[in-house]
Structures are given as C-alpha cells and as structure tokens.
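Every value quoted in this text rests on a predicted model; they were computed, and no experiment measured them.
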2 protein chains.
Amino acid sequence: MSTMTIGKAARAAGVGIETIRFYERNGLIEQPPKPACGGFRVYPEDTVRRVRFIRQGQELGFSLRQIAELLSLKADPATDCSDVRRRAQAKLEEVDEKLARLTGIRAALEELIAACPGRGALRACSIMGALEGAEGAPMSPRQKEEKTL
Amino acid sequence: MSTMTIGKAARAAGVGIETIRFYERNGLIEQPPKPACGGFRVYPEDTVRRVRFIRQGQELGFSLRQIAELLSLKADPATDCSDVRRRAQAKLEEVDEKLARLTGIRAALEELIAACPGRGALRACSIMGALEGAEGAPMSPRQKEEKTL
DNA sequence: CTGCCATACGTACCATGATACGGAGTCAAG
DNA sequence: CTTGACTCCGTATCATGGTACGTATGGCAG
C-alpha cells in the first residue's frame with residue numbers, strides 16, 4: 001500500500017486532480033497537512049470515500065452546497081436520521097417541481113409542433129407566432145428558477 | 001407615447017434595464033444609434049417585441065444562444081418553417097431526456113426515503129448508506145467521523 | 001437655475017462546477 | 001545524476017444569465 005498522493009486519490013475516486021482541489025477549496029473535503037519534512041500531501045482513504053459520497057449526492061440532484069450540509073450532518077454525532085430524511089424529502093419535492101415545469105414545457109412544445117405546418121413561409125409558422133405574440137404573465141425582472149438538472 | 005428610452009422599453013418588455021443592455025452586448029437585440037446631437041438612445045417598438053420573443057423562448061426552455069439562432073432565422077427571408085420546426089423538435093427531445101433523468105432521480109430518492117427508518121442513529125440511515133457509495137449494499141457496518149466542516 | 005432622476009458606459013461581480021495553465025519543487029527509476 | 005512524472009500553489013478561464021456599481025452627462029420640473 002503505497003502512500004496515496006492526490007493523483008492516486010483522484011483516480012481511486014474517479015475524478016480529476018483539479019476536482020479534488022476544487023472540493024478542498026470549497027470546504028467539501030479537508031486538505032491533508034503537508035508533511036513536515038517537505039514532500040507531497042498524503043490522502044487518507046476517507047478522502048476517497050468522501051469524494052464518492054459527493055458524486056453520489058450529485059447523482060441524486062443535490063448541489064455541492066447541499067452535499068456539504070449532508071457531510072456536516074454526517075460529522076455531527078447529534079444528527080438524527082430524520083434530519084437526513086427531511087432533506088431527501090425536500091429534494092424530492094424540488095425534483096417534483098422541476099418535473100412539473102418541464103412537463104408543461106413539453107406540452108407547450110408538442111402543441112406548437114403539432115400546429116406548425118412544417119413547411120412554407122415563416123410568417124405562417126405557428127411556432128414563430130407563439131414566440132412573437134403570446135404575452136404571458138409579465139414575469140417581473142426578478143423571478144428565476146430553472147437550473148438544468 | 002413619448003420617445004422610448006431604454007427604461008421605458010425595459011418596462012414595456014417586463015425586464016430590467018440591465019437585461020436589455022445584456023441582450024445588446026450579446027447580440028440578441030440591436031442597440032439603436034445614439035442621436036447625433038447628444039442625448040438618449042431611442043428604442044423602436046421592435047426591441048420590445050424582440051425582448052418578449054426572447055422571454056417566450058426562455059419559457060420554452062431555449063437558451064439565449066438558441067434564441068439568437070431563432071432570431072437570425074427569423075431575419076432571413078430564405079428561412080423555411082421546417083427549420084424552425086426542426087429546432088422545436090430537437091428541443092422537445094432534449095426536454096424528454098431531462099424528464100427521463102429527473103424521473104430516475106425521483107425514483108431513487110423515493111426508494112431511499114421509503115427505506116429510511118426516519119429516526120434513530122445516523123449509522124442506521126439507509127440514505128446515508130446509499131450516499132456512501134455502497135451501491136448494492138446499504139448498511140455499511142460502521143464508520144467513525146469527526147471533523148467539523 | 002437648480003435639483004433630481006434617468007441614461008450612457010465600462011467594469012466588476014454573483015452563483016455553479018469545474019478545467020486549465022505556469023513555474024517551481026519533489027520523487028523515484030535508470 | 002539526469003530525466004520524466006508527479007505535486008504544489010495561485011490564478012485565470014469556461015459557460016450561463018444576468019445584477020450591481022461608479023462616474024459622467026442629459027433632460028425636465030419647479
């Protein structure tokens with residue numbers, strides 16, 4: 001078992017070196033101390049586990065910030081399972097909202113495509129027409145929420 | 001119906017002034033020439049229509065870059081309705097892909113939540129177990145952590 | 001004429017999740 | 001001892017869609 005330098009840790013976790021460093025900079029993983037007598041930092045197995053935790057969380061749609069919260073919950077002996085469950089449930093609701101919005105978009109697109117003649121002059125195109133005219137709710141300057149997930 | 005300055009155009013289109021300028025910088029709308037004898041730029045009605053076009057496109061999930069393409073199609077007399085339709089169809093497929101991914105995430109979250117006892121010690125939490133990376137094996141024996149993030 | 005608000009413009013900054021680069025130091029094999 | 005691979009560190013860049021700030025000037029009401 002050779003000493004685990006950053007490159008090996010990265011390969012073990014299936015990410016790039018820069019990704020490890022990025023997580024360190026952002027407090028998601030701890031940077032091991034630099035050996036007193038100069039040399040390379042040695043990464044514990046835990047780092048690899050932690051990185052995998054992060055990637056798993058991303059797979060479930062958690063942002064890095066939310067994953068950081070989960071990680072600090074994990075580190076806190078007072079954390080109850082219900083804390084984690086609450087977060088998963090909140091995320092589920094978030095996902096449901098996104099699904100609803102996307103479904104709406106899908107329906108609108110499908111409707112437009114169905115109505116479009118599919119050939120001929122642009123002025124007859126119902127898709128362009130929809131983009132031109134239909135004034136929806138004015139959508140105040142500050143209203144946002146999309147995020148590709 | 002006085003001269004339309006940027007602020008009025010922005011209000012008419014339902015966006016902020018900075019948003020108009022942002023669209024100008026990015027070539028989505030054209031910046032009107034500055035009056036010869038000093039003064040404020042005057043925005044034509046078309047700017048307002050164009051901004052609304054952009055917002056409608058965003059509502060349908062098009063990125064600004066894609067909307068810019070739609071706008072230049074619109075400006076090109078050789079554009080056929082089928083060009084537009086093809087893009088809408090591609091976007092529909094994109095939306096379907098996102099829906100599929102989100103649906104998968106949803107299912108995974110729901111499954112985790114169902115399996116989670118909902119209270120008790122963290123080490124028994126199946127959600128944390130899943131994040132740990134034990135993809136087939138929930139419930140990893142034990143792990144110890146401290147370190148406050 | 002004097003405020004005051006609006007405009008013009010350039011630049012910097014926000015969040016998100018990385019990726020890339022350059023120069024110096026370190027380590028291990030040959 | 002040299003070479004090549006790897007590490008360290010700071011900084012810059014990417015894409016996305018804006019928001020904010022500072023300074024100078026324009027235009028209009030009082």
Once you round it to whole Å, what is the distance between [atom2] of [N] and [atom1] of [X]?
X       : N      : atom1 : atom2 : value
B/Lys34 : C/dA8  : NZ    : C1'   : 6 Å
B/Ile67 : D/dT16 : CD1   : P     : 12 Å
B/Lys8  : D/dG27 : NZ    : P     : 12 Å
B/Ile6  : C/dG10 : CD1   : P     : 13 Å
B/Glu24 : D/dG17 : CD    : P     : 18 Å
A/Gln66 : C/dT16 : CD    : C1'   : 12 Å
A/Arg25 : C/dA18 : CZ    : C1'   : 9 Å

[N], OP1 or OP2 - any side-chain N/O from [X] closer than 4.0 Å?
X       : N      : value
B/Gln58 : D/dT16 : no
B/Thr5  : C/dA6  : no
B/Arg41 : C/dT7  : no

Most 5' of B/Tyr43 and A/Ile54 on DNA chain C, judged by nearest nucleotide: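 Going by which nucleotide is closer to the 5' end, it is B/Tyr43.
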Interface residues of residues 12-23 of chain A with DNA chain C (non-hydrogen, below 4.0 angstrom): A/Glu18, A/Thr19, A/Phe22, A/Tyr23
B/Asp80/A/Arg119 salt bridge by N-O under 4.0 Å criterion: no
Short N-O contact, B/Arg106 and B/Glu110, less than 4.0 angstrom: yes
Nearest 0.5 Å, what's the [atom1]-[atom2] distance between [X] and [Y]?
X       : Y        : atom1 : atom2 : value
B/Ile67 : B/Asn26  : CD1   : CG    : 12.0 Å
B/Thr79 : A/Met128 : OG1   : CE    : 7.0 Å
B/Ile29 : B/Phe22  : CD1   : CZ    : 11.0 Å

Sugar-phosphate, base or nothing in reach of A/Arg55, heavy atoms under 4.0 Å: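 It contacts sugar-phosphate atoms only.
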Sugar-phosphate, base or nothing in reach of B/Gln31, heavy atoms under 4.0 Å: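 If one applies the 4.0 Å heavy-atom cut-off, B/Gln31 turns out to touch the sugar-phosphate alone, with no base involved.
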Check: A/Thr103 and B/Leu99 side chains under 4.5 Å, non-hydrogen atoms: yes
Hydrophobic cluster membership, A/Val42 vs A/Val15, 4.5 Å side-chain cutoff: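 Different hydrophobic clusters.
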Could you pull out the protein-nucleic contacts involving nucleotides 23-30 of chain C (nitrogen or oxygen on both sides, under 3.5 Å)?
| from | atom 1 | to | atom 2 | distance (Å) |
| --- | --- | --- | --- | --- |
| C/dC27 | OP1 | A/Gly38 | O | 3.3 |

Pairs touching residues 64-75 of chain B that satisfy side-chain hydrogen bond (donor to acceptor under 3.5 Å, both in side chains), sequence neighbours left out: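 Output for this query lists A/Glu132-B/Lys74, B/Ser63-B/Gln66, B/Gln66-B/Lys91, B/Glu69-B/Arg87.
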B/Cys125 to B/Pro117 - nearest heavy-atom pair and separation: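 Distance-wise, the nearest heavy atoms are CA-CD, 4.5 Å.
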